[in-house]
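No hydrogens, no waters, no symmetry mates; every other heavy atom, side chains included, goes into these values. Note that the structure is a prediction, hence the values are computed from the model and not measured.
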Amino acid sequence: TGSIFNASGVDTALEYILYLCPKFIESFCQLQVEDDDKIGLYSYKVQSTITSRLANTMIQAKMVNNAKRSQHIVFDVQVPKGAFIDNFTMDVNGITFTSSIREKSEARRMYSQAKAKGKAAGIVRSNALDMENFKTEVNVPPGTRIQFELHYQEMIRRKLSSYEHVISMKPGRLAKHMEVDVRIIEPQGLRYVHVPNSLGDHFNGITTISKGEKKAHVSFKPTMAQQRKCPTCSSTAVDGNFVVQYDVNRENTGGELEIFNGYFIHFFAPENLDPLPKNILFVIDVSGSMWGLKMKQTIEAMKAILSELRAADQFSLIDFNHNVRCWRDNLVSATPVQVEDAKKYIQTIHPNGGTNINEALLRATFILNEAQNLGMLDPNSVSMIVLVSDGDPTVGELKLTTIQKNVKQSIKDEFSLFCLGIGFDVDYDFLQRIATDNRGMAQRIFGNQETSAQMKKFYNQVSTPLLKKIQFNYPQESVSDVTQSSFHNYFGGSEIVVAGKVDTENLQHLESIVTATAANAELVMETLRDVEELDGFMKKDKYADPEFTKKLWAYLTVNQMLAERNTAPTAALKRNITKSILQMSLDHHIVTPFTAMLIENSEKDEIMLADQPKDPRRGCCSGQCLSLSPPVSAVSINRVDNDPHFIIYLPKSQRNICFNINSEPGDILNLVSDRGTGVVVNGQLIGAKKAENKKLDTYFGKIGFYFKNKGLKVEINTEKITLKDGSYSIALTWSDTGHIIRKQLLISVKKESNVTITVGEEMSFMVLLHRVWKNHPVNVDFLGIYIPPENQLSPEAHGLIGQFASEPEVYIHHQRPGQIPEKPQATMEVKGNKLTVTRGLQKDYRTDRVYGTNVQCWFVHNSGKGFIDGHYKDYLVPHLYSFLKKP
């Protein structure tokens with residue numbers, strides 16, 4: 001058997017992938033073309049139980065291969081971001097695979113041993129987004145019945161006065177039996193339960209809700225006929241989210257204490273308080289990448305948001321590209337006149353230029369600091385900055401850690417920073433870090449028609465501050481391991497949750513005292529609860545989770561430690577926090593960034609591994625995976641595409657440097673030559689059908705990979721993909737979707753799209769196919785190659801791309817207008833050379849193979865002279881698998 005560690009062409013930004021090849025396949029997996037019509041889904045069931053905001057969810061699918069040959073069966077479900085996966089089982093014709101949680105390095109060691117013995121294996125890989133995908137792909141013989149079952153847990157957060165439980169329902173086909181079963185148990189009492197029509201009018205009247213005082217049951221059981229898009233359709237209309245909304249009763253201003261099994265949970269969401277006045281600065285990215293729909297939607301949202309400011313609020317606007325502009329240099333009262341003037345200002349914005357995030361945020365903090373120093377801020381007011389941006393910094397300070405440090409030093413402890421990241425080019429991890437570091441939060445929103453509504457929804461979550469300086473106090477001698485108990489602000493419609501361990505053996509009552517600043521008073525709120533008050537209620541309900549307090553405490557504690565780790569000032573502290581997270585993950589059997597899930601059969605001779613990548617932003621090739629998602633960052637990979645345009649990403653300086661190579665058809669260019677790892681990547685050029693403007697464009701028509709230590713060669717051209725091992729060879733065409741494995745080298749082909757090559761945990765590559773109209777008078781089919789900078793090449797690595805495995809120091813300065821206004825020039829110092837470079841755009845075709853995605857970079861002229869070592873002709877090699885000659 002072989003091991004599959006990737007599936008390409010996924011649709012979402014966070015992807016868990018498991019792939020199992022059956023035992024009877026010999027040295028590699030043969031191609032299996034998917035045949036959806038022959039795969040039967042005879043049961044699709046979701047069961048979810050919510051106990052005091054803790055949701056335990058199980059998704060189960062039962063499928064059968066009705067085809068007369070082996071084929072893939074896929075289990076692909078979305079899991080809410082932030083949920084902890086705690087169990088996965090799979091039953092293949094009575095053979096059961098179960099899971100266990102291990103420390104990541106231990107799991108990888110066991111996985112490596114399984115691979116070495118030729119055992120089946122799998123990998124889970126991820127990228128950050130609002131929902132995550134768990135995808136399992138299994139190659140099974142005819143008649144095979146298979147059952148998948150995934151379990152996860154999450155704490156449901158209160159937003160805009162409602163708890164919202166979201167269940168993804170995308171079965172992909174009609175199910176003979178479909179069922180969603182949600183049970184809610186809330187000791188506080190249920191205020192209401194509502195199921196919006198999120199799956200569409202097609203399913204009106206099918207959902208049933210039965211609600212009692214403290215319990216509710218929601219059921220959704222569409223028949224196969226009801227699932228059909230139309231009476232004669234064979235496709236399913238079930239494609240979206242099933243949503244349950246509810247809220248609970250609140251009688252005590254000091255919150256609700258729930259104590260059970262040695263843990264307490266304190267839910268705090270006071271109502272009927274006057275809003276605190278707020279001082280708010282909107283910092284809006286108006287760089288060139290915001291042009292079009294994103295800017296239009298932002299303007300629409302900002303006009304609505306400005307209209308909602310209260311008379312007691314103060315505000316101002318900052319818009320920035322490579323420069324920073326202020327609508328007002330100081331805060332002004334939100335009078336109708338000022339609000340209308342601000343709307344007119346917003347309406348005149350025209351996006352262009354670069355992105356100077358550092359200067360914009362420092363200007364905003366300066367305005368707030370100055371206002372406070374001059375006594376212009378109400379002592380009971382709340383001050384905040386709301387940043388809206390769609391990309392990384394390209395002007396001014398570019399180093400993200402330095403920007404984070406600058407803002408942290410500049411912002412007062414009284415202020416909060418909230419970040420909205422639009423689209424997928426923005427470094428969302430950075431926005432999360434800088435927001436968390438400054439008592440705020442971040443959210444990613446999509447750069448589409450829904451942008452305006454998403455922005456307004458985000459703003460509404462923070463638009464009504466009711467309390468500030470909230471402190472939770474408990475008797476120290478009776479409680480321990482309490483989660484965060486001091487909070488900067490409390491916003492209307494949300495909820496603060498504190499948890500801890502409590503000594504119920506020696507305590508009859510638990511008392512809490514909450515202090516906070518309200519609009520017109522300093523509040524002191526007391527709550528007293530009998531430690532056994534819940535025992536009778538919980539024991540009577542067969543659906544309630546008896547470990548809900550323990551799980552909620554663990555959920556809060558792990559997430560708190562993950563946030564602390566992100567902002568830890570020293571490496572030693574970060575290591576200590578990592579150890580604590582690891583131990584918590586093992587104790588509570590959950591998958592986190594420091595654990596992995598081993599999935600194995602009872603004989604333990606078939607093992608799969610599920611873990612997460614080191615850097616979730618690397619959408620293409622993080623570590624040992626190659627997860628190709630449309631919404632990925634377009635700035636974190638080295639690539640050669642089109643007439644060959646080289647884009648070199650420099651991770652340390654976080655810059656893209658571009659150059660073109662103007663060579664002749666038939667020439668073979670060396671891209672990577674690494675005698676240390678025995679890896680060669682070469683590309684052979686082909687010419688266009690004829691010259692245009694006295695210039696014949698050239699492209700890569702053939703790319704060769706040589707893995708000397710494995711004795712394997714891979715040739716990719718515009719017709720087929722061939723793996724050679726001595727005298728043995730196997731080929732797939734571009735009209736196939738399938739995989740080849742040999743000697744732990746995986747080749748994954750996505751029909752008429754791309755090929756990914758993964759070599760163990762060390763390196764990965766992607767080749768993209770560009771098809772053109774056959775009768776086009778000029779253009780020809782060609783290939784592009786994408787190589788992640790994380791590939792573990794040796795210090796001997798060279799080649800047009802390989803030389804940058806050891807990143808050179810690059811200093812870009814003296815930016816000045818170019819001959820074309822939108823293409824400024826600058827001086828770049830690199831490798832002892834001073835070069836004139838031009839700011840421009842190149843195309844990344846990973847996410848959009850037709851039009852490509854624009855990538856900003858500094859362009860080096862004269863075929864990269866001065867940036868690459870020597871002359872480009874030094875990189876010409878005689879054969880497709882030749883190493884570069886040593887200089």
Side-chain angles (χ1 to χ4, degrees), residues 1-2 4 7 9-11 16-25 29-47 57-79 87-99 120-122 133-151 167-181 220-229 232-239 599-603 606 608 610 736-739 751:
T1 57
I4 296 281
V10 296
D11 297 320
Y16 293 84
I17 300 169
L18 299 174
Y19 189 110
L20 175 64
C21 296
K23 280 181 169 182
F24 58 81
I25 294 178
C29 295
Q30 294 286 353
L31 165 70
Q32 297 294 337
V33 179
E34 297 186 22
D35 186 356
D36 289 344
D37 293 336
K38 297 295 184 181
I39 294 174
L41 175 61
Y42 58 94
S43 177
Y44 194 88
K45 185 185 294 185
V46 180
Q47 291 181 340
T57 302
M58 180 274 291
I59 302 177
Q60 181 193 81
K62 297 179 180 179
M63 308 172 83
V64 60
N65 178 13
N66 291 320
K68 294 181 180 179
R69 55 184 173 75
S70 296
Q71 62 174 348
H72 296 311
I73 286 185
V74 178
F75 175 64
D76 189 355
V77 297
Q78 287 191 325
V79 177
N87 196 16
F88 174 72
T89 59
M90 185 171 69
D91 187 288
V92 185
N93 274 355
I95 300 172
T96 301
F97 290 76
T98 57
S99 62
N133 260 51
F134 186 101
K135 183 176 180 181
T136 313
E137 193 171 336
V138 183
N139 196 338
V140 295
T144 298
R145 286 179 174 260
I146 185 165
Q147 174 180 304
F148 303 99
E149 192 169 295
L150 178 71
H151 294 251
I167 298 169
S168 177
M169 292 292 291
K170 297 184 178 182
R173 63 188 74 244
L174 297 171
K176 288 184 178 179
H177 173 76
M178 176 174 285
E179 177 182 357
V180 178
D181 192 84
F220 175 70
K221 294 182 181 179
T223 64
M224 185 175 280
Q226 290 169 331
Q227 294 170 43
R228 297 183 190 275
K229 281 188 175 180
T232 57
C233 291
S234 60
S235 55
T236 179
V238 182
D239 185 17
I599 300 149
E600 52 193 349
N601 61 358
S602 56
E603 288 79 22
E606 292 192 49
M608 296 184 287
D736 297 323
T737 292
H739 312 273
K751 182 178 179 179

What residues, two or more places apart in sequence or in another chain, satisfy side-chain hydrogen bond (donor to acceptor under 3.5 Å, both in side chains) together with Q147?
none

Residues in side-chain hydrogen bond (donor to acceptor under 3.5 Å, both in side chains) contact with Q47, at least two apart in sequence or another chain:
none

Given the rule in the side-chain contact (heavy atoms from CB on, under 4.5 Å) test, do L150 and F75 qualify, once you have shown the distances and angles that lead to the verdict?
CA-CA 10 Å; L150 178 71; F75 175 64; 4.1 Å; yes

Pairwise distance CE(M90) to CD1(I95) - rounded to 0.5 angstrom:
9.5 Å

Excluding sequence neighbours, so at least two apart, what forms salt bridge (charged side-chain N to carboxylate O under 4.0 Å, His left out) with D91?
none

Is there a donor-acceptor pair under 3.5 Å between the side chain of R173 and the backbone N or O of I39?
yes

Kindly write out the residues that satisfy side chain to side chain contact (heavy atoms under 4.5 Å, CB included) with T236, not counting sequence neighbours, or none if the list is empty.
L174, Q227, V238

Go through the structure and list residues passing side chain to side chain contact (heavy atoms under 4.5 Å, CB included) with V46, not counting sequence neighbours.
Y44, T57, I59, I167, M169, V180

Listed by chain and number, what are the side chain to side chain contact (heavy atoms under 4.5 Å, CB included) partners of Q226, not counting sequence neighbours?
I206, P222, T223

Show the nearest heavy-atom pair for residues P171 and L41, with the distance to one decimal.
CB-CD2, 3.9 Å

Let me confirm one number: the CG-CE distance from D181 to M58, rounded to the nearest 0.5 Å.
9.0 Å

Distance col, row H177:NE2 vs K221:NZ, nearest 0.5 angstrom, shows 6.5 Å

Test your reading of the model: is there a side-chain donor-acceptor pair from S99 to the backbone of F88, 3.5 Å cut-off?
yes

Shortest non-hydrogen contact between P142 and A67, atoms and distance:
CB-O, 3.3 Å

When you measure from the side chain of N93 to the backbone N and O of R145, does any donor-acceptor pair fall under 3.5 Å?
yes

F148 and I73: which non-hydrogen atoms are nearest, and at how many Å?
CE1-CG2, 3.9 Å

